[in-house]
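Scope of the values below: all heavy atoms of this structure, side chains included, with no hydrogens, waters or symmetry mates.
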Amino acid sequence: MDFQFHLYHIFLLTFLLCHGVINSSNITVIGNPVAGQVYTLLCGNATNATWKYSNGTTVVSNGKIIVSNNRNLTFNPLLTSHGGNYTCLSGNTSNNITVIVQIPQPETTISSNAINTSMVYSGTSIQIVCTVHIPSVVDTPVVVKTLWIGPQGPITNGSRTNVTTVQAILVHNTTLQISPLNISDNGMYQCVGNISSNSMHIKPSTNSSANFSLFVQALSPPVVIISPNGSPIAGSVYSLVCTVKVVDGLVAVP
């Protein structure tokens, strides 16, 4: 009997944890504190409770925060600005809980200025742009970090590489420029993005990444073409045009 009793409680605890239902200081938590999800705090068994922010002001419903049944506090959806300390007051009893909101994993994409990535030639240059999209549920100041990883490892500013960053409201662009290209630049390039905050009530996102495959072709020997213009008759205008053709679409005329 005792064994079955303990087994039942182990099963019940496992069920509650797996379904995001946790009880802390007589405050029951339903859901996971990830921005963008629904997250609910239940004030124990109270029938008439009041929720307070850490500064003492009363929590009221405002569209994304719903106070219901005189004891339920629901964030729908949970925003990063909802992180903080909350107090549930019922009669002479008060219970506190700290909500630490995790930033959801961002979407990271890669693009380049190359018209055809299979026709990139040594001696030319390329710009690869990594964009980290900041989720709209992140409504507090954040820090976006990106890391470029190339065939030889992490990439920083160097003699042929330059990394620049521009951050807008909901996007963070990091551009990798390689100039001039050579055959050793062939391979896979990865951009890893991460969003964090200086607030102790906000957890950083998990890393997200995007890949870009670069194939640099060697330049073939140039072809020199001399074209006459006019007739070689004394007294007439006659010229020779020298065209150095490197590859299709890449022509140099001295």
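When hydrophobic residues (I, L, V, M, F, W, Y) are linked wherever their side-chain heavy atoms come within less than 4.5 Å, the members clustered with Leu147 are Ile149, Val192. Hydrophobic clustering, defined by side-chain heavy atoms of Ile, Leu, Val, Met, Phe, Trp and Tyr closer than 4.5 Å, groups Val137 together with Leu79.
A donor-acceptor pair under 3.5 Å is absent between the side-chain atoms of Thr74 and the main chain of Thr40, judged by distance alone. Distance alone, capped at 3.5 Å, places no donor-acceptor pair between the Asn113 side chain and the Ile126 backbone. No donor-acceptor pair closer than 3.5 Å links the side chain of Asn32 to the backbone N or O of Val34. Looking only at distances, a side-chain donor or acceptor of Thr80 sits under 3.5 Å from a matching main-chain atom of Asp139. A donor-acceptor pair under 3.5 Å is formed between the side chain of Ser197 and the backbone N or O of Ser199. A donor-acceptor pair is defined here as one N or O able to donate and one able to accept, closer than 3.5 Å; no such pair exists between the side chain of Gln190 and the backbone of Trp148.
Taking the side chain as every heavy atom from C-beta outward, Val29 and Tyr39 approach each other to under 4.5 Å. Annotation: side chain of Gln177 is not in contact with side chain of Thr164 (no heavy-atom distance under 4.5 Å). Side-chain atoms of Gln102 and Thr206, non-hydrogen and from C-beta on, do get closer than 4.5 Å to each other. Val101 has its side chain out of reach of Thr140: every pair of non-hydrogen atoms, C-beta onward, lies at least 4.5 Å apart. At a threshold of 4.5 Å between non-hydrogen side-chain atoms, the residues Asn194 and Ser205 count as touching. Annotation: side chain of Ser227 is in contact with side chain of Ile225 (closest heavy-atom distance under 4.5 Å).
Residue Asn55 places its CG atom among more than 12 non-hydrogen atoms of other residues, nucleotides or ligands, all under 6.0 Å distant.
Val163 is connected to Ile110 through a chain of hydrophobic side-chain contacts under 4.5 Å among Ile, Leu, Val, Met, Phe, Trp and Tyr, so both are in one cluster. Under the 4.5 Å side-chain heavy-atom criterion for Ile, Leu, Val, Met, Phe, Trp and Tyr, Val132 and Ile103 are members of the same hydrophobic cluster. In the hydrophobic clustering of this structure, Leu78 does not group with Ile134; members are Ile, Leu, Val, Met, Phe, Trp, Tyr whose side-chain heavy atoms approach within less than 4.5 Å, directly or through other members. Put simply, Tyr53 and Leu73 are part of the same group of oily side chains (I, L, V, M, F, W, Y) that touch within less than 4.5 Å, one to the next.
If you take CG on Asn162 and OG on Ser125, they are separated by 11.5 Å, rounding to the nearest 0.5 Å. For the atom pair CG of Leu176 and CG of Leu214, the computed distance is 9.5 Å after rounding to the nearest 0.5 Å. Atoms NZ and CG, on Lys145 and Asn207 in that order, are 11.0 Å from each other to the nearest 0.5 Å.
Thr109 is linked by a side chain to side chain contact (heavy atoms under 4.5 Å, CB included) to Glu107, Thr131, His133, counting only residues two or more places apart in sequence or in another chain. Under the ring pair (Phe, Tyr, Trp, His ring centres under 6.0 Å) criterion, Phe75 pairs with His82, Tyr86, not counting sequence neighbours. When the ring pair (Phe, Tyr, Trp, His ring centres under 6.0 Å) test is applied to Tyr189, no partner is found at least two apart in sequence or on another chain. In this structure, the side chain to side chain contact (heavy atoms under 4.5 Å, CB included) partners of Thr98, at least two apart in sequence or on a different chain, are Asn85, Ile100, His201.
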Which atom pairs, donor and acceptor, lie under 3.5 Å between side-chain atoms of residues 62-71 and protein residues at least two apart or in another chain?
from, atom 1, to, atom 2, distance (Å)
Asn62, OD1, Lys64, N, 3.3
Asn62, OD1, Ile65, N, 2.9
Arg71, NH1, Gly44, O, 2.3

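Taking both residues in full, the closest heavy atoms of Pro135 and Leu170 are given as O-CD2, 4.4 Å, listed atom of the first, atom of the second, then distance. Between Pro106 and Ile195, the closest heavy-atom pair is CB-CD1, 3.7 Å. Looking at every heavy atom in both residues, Val216 comes nearest to Ser122 through CG1-N, 3.5 Å. Smallest separation of non-hydrogen atoms from Pro151 and Asn186: CG-O, 3.2 Å.
Sequence neighbours left out, not one pair with a member in residues 137-187 passes disulfide bond (SG atoms under 2.5 Å apart). For residues 32-122, the disulfide bond (SG atoms under 2.5 Å apart) pairs, not counting sequence neighbours, are Cys43-Cys88. Among residue pairs with one or both ends in residues 117-136, none qualify as salt bridge (charged side-chain N to carboxylate O under 4.0 Å, His left out); sequence neighbours excluded. Residue pairs meeting the disulfide bond (SG atoms under 2.5 Å apart) criterion with at least one member in residues 124-194, sequence neighbours excluded: Cys130-Cys191. For the salt bridge (charged side-chain N to carboxylate O under 4.0 Å, His left out) condition, the pairs that include at least one residue of residues 158-167, sequence neighbours left out, are Arg160-Asp185.
For the side chain to side chain contact (heavy atoms under 4.5 Å, CB included) criterion with Trp51, the lone passing option out of Ile27, Asn72, Thr58 is Ile27.
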Would you sort out whether Val99 and Leu41 count as a side-chain contact (heavy atoms from CB on, under 4.5 Å), showing the intermediate values?
CA-CA 10 Å; Val99 176; Leu41 305 177; 4.2 Å; yes
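Side-chain contact of Thr57 with Lys52: a donor-acceptor pair under 3.5 Å is absent, judged by distance alone.
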